[in-house]
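The structure appears below as C-alpha cells.
Numbers for residues simply follow the sequence, beginning at 1. Everything numeric in this text was worked out from a predicted model, so none of it was measured.
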Amino acid sequence: MKDDLDDAINNLITLSGDERNNLPLPDDYLISEYEKNTGFTFPVDYKESLKRAGNIFYGTIELLSLTKDNTYYSELASALADARQQGLPHDWLPICEDNGSYYCITPEGTIRYWTTDGYSNDQWPNLANWINEVWIAGN
C-alpha cells in the first residue's frame with residue numbers, strides 16, 4: 001500500500017507541475033496538534049499525504065489544510081466543525097471539501113463521499129485510490 005500511495009503522490013506532483021498554494025506543508029508536530037484538537041488519530045497514509053501533498057493545487061480540489069493559526073479558508077478544523085453542524089458522522093474525518101460536500105476517511109480507512117443530503121454510495125478502498133480516481137482522474 002505504501003508503494004501505491006508513493007506512486008499516487010508522485011503522479012499528482014508531476015501532473016500538477018508541482019504547483020502549490022502558499023501554505024507550508026505541515027510537519028509531525030502540527031499534525032499531532034490537529035489530532036489532539038480534533039480527537040482523531042490520523043491514518044499513516046493521510047499523514048504522509050499531508051506532509052507531501054498538503055499544499056498541492058491541482059484541478060478543482062485540494063486537501064483540507066493544516067495551519068498554525070487556523071485561518072486559511074480551506075482549513076481542516078473549520079471544515080470539520082461546519083460538516084458536523086450539517087450532520088457529518090462524528091467518526092468521519094473530512095479530508096477534502098468539494099462544493100459543500102466532503103470526502104472523508106471512515107474508521108475503517110475507506111474514503112467516502114458525504115453530502116449535506118446525507119450519505120453517498122461513492123467510496124474508495126484507500127487514499128491512494130482516491131488520489132488517483134478523484135483528485136487526478138476527476139480533474
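The list of ring pair (Phe, Tyr, Trp, His ring centres under 6.0 Å) pairs with a residue in residues 3-55, not counting sequence neighbours, reads Phe42-Tyr46. Evaluation of the salt bridge (charged side-chain N to carboxylate O under 4.0 Å, His left out) test over residues 26-42, restricted to residues two or more places apart or in two chains, returns Asp28-Lys51, Glu33-Lys36, Glu35-Lys47. Applying the salt bridge (charged side-chain N to carboxylate O under 4.0 Å, His left out) test to residues at least two apart or on different chains, none of the pairs has a partner in residues 73-102.
For the pair Trp92 and Pro107, the minimum side-chain heavy-atom distance is below 4.5 Å. Residues Ser49 and Leu5 are in side-chain contact: their nearest non-hydrogen atoms beyond the backbone lie under 4.5 Å apart. Between Leu127 and Ile95 there is a side-chain heavy-atom pair separated by less than 4.5 Å. Taking 4.5 Å as the limit, every side-chain heavy atom of Pro24 sits out of range of all side-chain heavy atoms of Asn55.
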Pairs of donor and acceptor atoms involving the side chains of residues 12-19, under 3.5 Å and at least two apart or interchain, shall be tabulated with distances.
| from | atom 1 | to | atom 2 | distance (Å) |
| --- | --- | --- | --- | --- |
| Thr14 | OG1 | Asn10 | O | 3.0 |
| Ser16 | OG | Leu12 | O | 3.1 |
| Ser16 | OG | Ile13 | O | 3.0 |
| Ser16 | OG | Asp18 | N | 3.1 |
| Asp18 | OD1 | Arg20 | NE | 2.7 |
| Asp18 | OD1 | Arg20 | NH2 | 2.9 |

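Scored by the ring pair (Phe, Tyr, Trp, His ring centres under 6.0 Å) test, Tyr102 finds no partners at all (sequence neighbours excluded). The side chain to side chain contact (heavy atoms under 4.5 Å, CB included) check on Asp69 picks up Thr67, Thr71, with sequence neighbours excluded. In this structure Glu62 satisfies the side-chain hydrogen bond (donor to acceptor under 3.5 Å, both in side chains) test together with Asn21, Tyr73, sequence neighbours excluded. Every residue two or more places apart in sequence or in another chain that forms a side-chain hydrogen bond (donor to acceptor under 3.5 Å, both in side chains) with Glu133 is listed here: Trp124. Every residue meeting the side-chain hydrogen bond (donor to acceptor under 3.5 Å, both in side chains) condition with Glu108, not counting sequence neighbours, appears here in chain and number order: Thr106.
Atom OG of Ser65 is separated from atom CG of Leu23 by 5.0 Å, given to the nearest 0.5 angstrom. Annotation: the span from Trp135 atom CH2 to Ile9 atom CD1 amounts to 8.5 Å, rounded to 0.5 Å. The OG1 atom of Thr110 sits 11.0 Å away from the CG atom of Asn129 when rounded to the nearest 0.5 Å. Taking CZ from Arg52 and CG from Leu50, the interatomic distance works out to 12.0 Å, rounded to the nearest 0.5 Å.
Between the side chain of Arg112 and the backbone N or O of Ser120, at least one donor-acceptor pair lies under 3.5 Å. Checked by atom type and distance alone, the side chain of Asn132 never pairs as donor or acceptor with a backbone atom of Ala8 at under 3.5 Å.
Scanning all heavy atoms of the two residues, the minimum distance from Cys104 to Pro94 falls at SG-CA, 3.8 Å. Residue Gly100 comes nearest to Thr116 through the heavy atom pair O-CG2, 3.6 Å, listed as atom of the first residue, atom of the second, then distance. Of all heavy-atom pairs between Leu66 and Pro26, the closest is CB-CB, 4.1 Å. Between Ile105 and Pro43, the shortest heavy-atom contact is CG2-CG, 4.0 Å. Considering all non-hydrogen atoms of both residues, Leu25 and Gly54 come closest at CD2-N, 3.5 Å.
Here the two rings, on Trp130 and Tyr103, have centers that are under 6.0 Å apart.
Residues Tyr113 and Ile61 fall within the same hydrophobic cluster, defined by Ile, Leu, Val, Met, Phe, Trp and Tyr side chains chained together at heavy-atom separations under 4.5 Å.
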Hey, mind stepping through Ile111 and Asn126 against side chain to side chain contact (heavy atoms under 4.5 Å, CB included) and telling me if it holds? CA-CA 6 Å; Ile111 309 301; Asn126 55 51; 6.0 Å; no

